[in-house]
S.K.: 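First, the structure itself, so that you have it in front of you.
Values below: every heavy atom of this structure, side chains too, minus hydrogens, waters and symmetry copies.
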Amino acid sequence: MKLRLLWGISVALGLIWIGCTPKTPSRAISEEERLFRSKCVSCHSLPDVQQKWDWEALLQNHEKRLKLNQQQREMLLKYFSSFAQ
């Protein structure tokens, strides 16, 4: 009985540990994408590459809330422009 309980606790702790370890990306993430993920992903998914957006206007609507400096703004524009077709 005690052995089963200890085994169950060990398995549960192991699963929790595995679930909490940071995931390494399968590819290198650019600084621009890292910035997008840190500033935008809490509300938005990654941009849809099939749609054309006016990224400049989109950023103007969001930059005050995001508190972007000029360098960050340019980085995000560079990242978004990679989706332009």
S.K.: Let me see the working for Glu56 and Gln60 under side-chain hydrogen bond (donor to acceptor under 3.5 Å, both in side chains), right down to the final yes or no.
M.R.: CA-CA 6 Å; Glu56 187 94 28; Gln60 276 182 331; 5.3 Å; no

S.K.: Rounded to the nearest 0.5 Å, how far does CG of Leu76 lie from NZ of Lys39?
M.R.: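 One finds 9.0 Å between NZ of Lys39 and CG of Leu76.
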
S.K.: Describe, in one word, how the ring planes of Phe36 and Tyr79 are oriented to each other, choosing from parallel (under 30°), tilted (30 to 60°) and perpendicular (over 60°).
M.R.: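 Tilted, since the angle between the ring planes falls between 30° and 60°.
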
S.K.: Do Arg73 and Leu59 have side chains that get closer than 4.5 Å, going by heavy atoms?
M.R.: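 They are in contact (side-chain heavy atoms under 4.5 Å apart), so the answer is yes.
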
S.K.: Could you measure the distance from the CG atom of Leu77 to the CD atom of Gln72? Nearest 0.5 Å is fine.
M.R.: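 Atom-to-atom, Leu77:CG and Gln72:CD are 12.0 Å apart.
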
S.K.: Indicate yes or no: at least one non-hydrogen side-chain atom of Ile29 is less than 4.5 angstrom from one of Arg37.
M.R.: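 A side-chain contact exists here, since the closest heavy-atom pair is under 4.5 Å.
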
S.K.: Using a strict cut-off of less than 4.0 Å between a Lys/Arg side-chain nitrogen and an Asp/Glu carboxylate oxygen, indicate whether Lys78 and Glu74 qualify as a salt bridge.
M.R.: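 Glu74 and Lys78: not salt-bridged.
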
S.K.: Please say whether more than 12 non-hydrogen atoms of neighbouring residues, nucleotides or ligands are located less than 6.0 Å from CG in Leu3.
M.R.: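 Not more than 12 within 6.0 Å, no.
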
S.K.: How long is the span from the OG atom in Ser38 to the CG atom in Leu66, to the nearest 0.5 Å?
M.R.: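 If I round to the nearest 0.5 Å, the distance is 9.0 Å.
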
